[in-house]
**Q** 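To start, I am sharing the structure in question, which I have written as structure tokens.
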There are 2 protein chains.
Amino acid sequence: MTTARIIDFIKTRRPEGPCLVVDLEVVRDNFHAFRHALPNSAIYYAVKANPAPEILKLLADMGSNFDCASVAEIQMALDAGATSDRISYGNTIKKERDVARAFALGIDLFAVDSHEEVEKVARAAPGARVFCRVLTDGEGAEWPLSRKFGCVPQMAVDVLVYAHQLGLESYGVSFHVGSQMMNLDAWDAALGDAKRVFASLSKQGIHLQMVNMGGGFPTKYLRDVPAAEEYGHAIDTALRKHFGNQIPRTIIEPGRGMVGNAGVIKAEVVLVSRKSDNDNHRWVFLDIGKFGGLAETMDEAIRYPIRTERDEDAMELCVLAGPTCDSADVLYEKNMYPLPVSLTIGDDVLIEGTGAYTTTYSAVAFNGFEPLKSYVI
Amino acid sequence: MTTARIIDFIKTRRPEGPCLVVDLEVVRDNFHAFRHALPNSAIYYAVKANPAPEILKLLADMGSNFDCASVAEIQMALDAGATSDRISYGNTIKKERDVARAFALGIDLFAVDSHEEVEKVARAAPGARVFCRVLTDGEGAEWPLSRKFGCVPQMAVDVLVYAHQLGLESYGVSFHVGSQMMNLDAWDAALGDAKRVFASLSKQGIHLQMVNMGGGFPTKYLRDVPAAEEYGHAIDTALRKHFGNQIPRTIIEPGRGMVGNAGVIKAEVVLVSRKSDNDNHRWVFLDIGKFGGLAETMDEAIRYPIRTERDEDAMELCVLAGPTCDSADVLYEKNMYPLPVSLTIGDDVLIEGTGAYTTTYSAVAFNGFEPLKSYVI
């Protein structure tokens, strides 16, 4: 997953300290793969995955739309060249004054999942389009979305009726099967729910037009994942099954799937030690950890592939930890990580699949360490 | 815990967005309390808890020393007016070039917990003083330090002999009973270990001079904690018990105990909603969450007191969550939080006891949200 361009950049530039290097060519390939796999769906890139201006510019130029979580992200998408009609304010938790700011910037498409949020949008963005997020169970996702976003389908019907009553355009339904979703059936169940919401509203004279199928498209971590085409096929089949010949407009919101495998973090081994003379396992400490950009190792949820220049040597399970004076800053301990026995202080390691959800997660200055640097090439 | 000065500041200045307000008078009181409780111990403030320049300046002026986790923190302490002899480089995980940078800045006191780290210090800071961190079991701590730092006491003996052989001054032993430690006996056990390391080395002609007793002094969260005096008394008793009339120089490193109760985060209720019509619990979403500074709610470890202007109304258990599009950004769900049934969108809430480990933990720009703002008054 580390491209020749990334290896060449690191060798030539020798950046000091931990850094993320993103290869735009991989992002470009990913965009083409999504467009090819789901030719009838509009792509809304989830800006929160990686808002680097170069990435937003590339995607804007390629015709992508943008799913934004805040007014700041909306501004970034606009700055990258996207027009406001290509931007969705996809966060279901918005301050009313932020809805107003977005509306003033021309944004016309808002996510909701409650009556209360509908009221804010109706007041601050009169006449705008809203889609209601429906809860899915997230089974099969490596980074489950729990119950934080969405409401049950029956309540979604009520929410969209209420939106209609308040003068908004009840435009559609959204769901998110969970990040890094490996189970192709997840979309089928969610699309079935979506269809039932469409049908209930239709009986009340409200005709939804759009299904936002969210993200969840996995990037390649340690194990193989079905390629984008397989996802596309499964989704197409499910759409036909539930909507027949009245397939609505569809949106997808890839974030991790668009940039995850495009980025590699270069880090350095700061210390390799044991806790006692008869300790069975070495502790390997890197100059990046949970607070420097690898927040998604929380509960050891995501296991990044790690490459070293000694990978042909014998391997040994190690505890892998970050550099801060915080005992929670341990990456892999319950499931230790195999690393070369010859790995030594000062070695570089490449942490692959880190293009998404790293730079912006980085702590601003914990322990005095700078936030993760980022290079987009 | 919210002082009149903090309430007045928030009322008068009406800062926009979530922010931390720290009352320096509380920090001053805490410093006096530590000095009074442990008059024979040198206070090394753990800069990582909150490195705000105003806090460092106050403590430097009051005669505090500083425990630093990085060269950047050392520079901050120097900038605040501390001389280099009042600064300890307390991170056991250091790049050799950072040891050299610290040594060039005049730092002469380094933490180690392995032979490998001793070698770095010997090369980059020849002749410096080192103390070896010993593993403690952390039982009784609300934020346990696990095994990440320190080595077993027998290995500490070997490490300090090795340091001596490499021309360093083997200066002492350190331990950390675990953050927010509620069990007064924890110091007794750790001081017993320290004494045994002293005795082993003494037989080899190496005379340690210092015990660094670390931090762990709790700040007042929801339940009462023994006051600083009780900690002082327990530690004093344990020192006499183990070291008799040869009590070494001692250091304490309060961080949370120095600033935790001095700070209050003002946040705003963004949304109050339910997931279904028959949902038993409301979800309350704030404009700050796990990635905006409240990282220590991870696994719901630390439960901050929360005040609202409606606390005299009836209370109801709620799920409390942050504003980002990340399902992990939930503060309290397994143990829901009692909040007023009348709490409504737009209300301010005060999250108390947040002076430590908040601002610097804040993500740099996750979801496009700004890092937590901080005011020191």
Side-chain angles (χ1 to χ4, degrees), chain A residues 47-48 51 68-73 76 90-91 93-95 113-117 135 143-152 154-155 158 268 270-277 285 287 291 295 298 321 323-325 327-330 345 359-371, chain B residues 47-48 51 68-73 76 90-91 93-95 113-117 135 143-152 154-155 158 268 270-277 285 287 291 295 298 321 323-325 327-330 345 359-371:
Chain A
V47 173
K48 59 184 173 290
C68 296
S70 64
V71 174
E73 287 193 355
M76 288 182 234
N91 194 339
I93 309 154
K94 301 174 290 297
K95 290 182 181 172
D113 67 358
S114 64
H115 293 79
E116 293 79 1
E117 198 73 12
L135 267 171
W143 185 254
L145 293 179
S146 82
R147 299 201 312 139
K148 182 174 175 187
F149 307 105
C151 60
V152 299
Q154 181 49 50
M155 188 167 142
D158 298 340
E268 179 180 332
V270 181
L271 178 63
V272 181
S273 65
R274 293 179 195 270
K275 297 297 172 185
S276 67
D277 290 338
F285 298 91
D287 61 358
F291 304 108
M298 203 188 293
T324 65
C325 287
S327 62
D329 186 14
V330 175
I345 295 169
T359 51
T360 54
Y361 263 125
S362 179
V364 69
F366 189 54
N367 275 219
F369 293 117
E370 281 178 42
Chain B
V47 174
K48 59 185 172 290
C68 296
S70 64
V71 174
E73 286 192 356
M76 289 182 233
N91 193 338
I93 309 154
K94 300 174 291 297
K95 290 181 182 173
D113 66 358
S114 64
H115 293 79
E116 293 79 1
E117 199 71 12
L135 267 172
W143 185 253
L145 291 180
S146 81
R147 299 202 311 140
K148 183 175 175 186
F149 307 105
C151 58
V152 299
Q154 180 49 49
M155 188 167 141
D158 298 341
E268 179 181 332
V270 181
L271 178 64
V272 181
S273 65
R274 294 180 195 268
K275 298 297 174 184
S276 67
D277 289 337
F285 299 91
D287 62 358
F291 303 106
M298 206 188 292
T324 66
C325 286
S327 62
D329 186 15
V330 175
I345 294 169
T359 52
T360 55
Y361 263 124
S362 177
V364 69
F366 190 54
N367 274 219
F369 292 117
E370 280 178 44

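Each chain gets a letter, A, B and so on, in the order its sequence line appears, and its residues count up from 1.
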**Q** State the CZ-SG distance between A:Phe366 and A:Cys325, to the nearest 0.5 angstrom.
**A**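 Taking CZ in A:Phe366 and SG in A:Cys325, the distance rounds to 8.0 Å.
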**Q** By a 4.5 Å heavy-atom criterion (distance strictly below it), what part of B:Pro371 contacts chain A: side chain, backbone, both, or neither?
**A**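 Contact with chain A: side chain only.
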**Q** Report the option among B:Lys275, B:Met155, B:Met76 that has the most heavy-atom pairs separated by less than 4.5 Å from atoms of chain A.
**A**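 Most heavy-atom pairs within the cutoff with chain A belong to B:Lys275.
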**Q** State whether the side chain of A:Ser362 and the backbone N or O of B:Val364 hold a donor-acceptor pair below 3.5 Å, judged by distance alone.
**A**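 Judged by distance alone, no pair lies under 3.5 Å.
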**Q** Among the options A:Leu271, A:Asp113, A:Val272, A:Val152, pick out the one with the most heavy-atom pairs lying under 4.5 Å from chain B.
**A**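 Of the options given, most contacts go to A:Leu271.
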**Q** Do you know which of B:Asp329, B:Ile93, B:Asp277 has the most heavy-atom pairs with chain A at a distance under 4.5 angstrom?
**A**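 Option with the greatest count: B:Ile93.
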**Q** Can you tell me if B:Asn367 uses its side chain to pair, donor with acceptor, with the backbone of A:Ser70 under 3.5 Å?
**A**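 No, because the side chain of B:Asn367 does not come within donor-acceptor range (under 3.5 Å) of the backbone of A:Ser70.
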**Q** State whether the side chain of B:Asn91 and the backbone N or O of A:Pro323 hold a donor-acceptor pair below 3.5 Å, judged by distance alone.
**A**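 Checking the backbone N and O of A:Pro323 against the side chain of B:Asn91, a donor-acceptor pair under 3.5 Å is found.
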**Q** Could you look at A:Val47 and say if it's the side chain, the backbone, both or neither that has a heavy atom under 4.5 Å from chain B?
**A**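 It is neither, since no heavy atom gets under 4.5 Å.
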**Q** Let's test your reading of the structure: which of B:Thr324, B:Ile345, B:Asp287, B:Thr359 forms the most heavy-atom pairs below 4.5 Å with chain A?
**A**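 With the most close heavy-atom pairs to chain A, the winner is B:Thr324.
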**Q** Side chain, backbone, both or neither: which part of B:Glu268 has a heavy atom under 4.5 Å from chain A?
**A**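 For B:Glu268, side-chain heavy atoms alone lie under 4.5 Å from chain A.
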**Q** If the condition is side-chain hydrogen bond (donor to acceptor under 3.5 Å, both in side chains), which residues does A:Asp158 pass it with, not counting sequence neighbours?
**A**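 side-chain hydrogen bond (donor to acceptor under 3.5 Å, both in side chains) list for A:Asp158, sorted by chain: empty.
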**Q** Of the backbone (N, CA, C, O) and the side chain (C-beta and beyond), which part of B:Val71 lies under 4.5 Å from a heavy atom of chain A, both, or neither?
**A**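 Neither part.
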**Q** Counting heavy-atom pairs under 4.5 Å with chain A, which one of B:Gly150, B:Ala72, B:Ala321 comes out on top?
**A**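 Max contact count across the listed options: B:Gly150.
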**Q** If you count every heavy atom of other residues, nucleotides or ligands that lies below 6.0 Å from B:Glu370 atom CD, does the total exceed 12?
**A**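 Not more than 12 within 6.0 Å, no.
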**Q** Suppose we screen for ring-ring contact (aromatic ring centres under 6.0 Å, His included). Which residues come up paired with B:Phe285, at least two apart in sequence or across chains?
**A**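 B:Phe285 satisfies ring-ring contact (aromatic ring centres under 6.0 Å, His included) with B:Trp283 only.
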**Q** If you count heavy-atom pairs under 4.5 Å between each of A:Glu116, A:Glu117, A:Gln154 and chain B, which one has the most?
**A**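 Option with the greatest count: A:Glu116.
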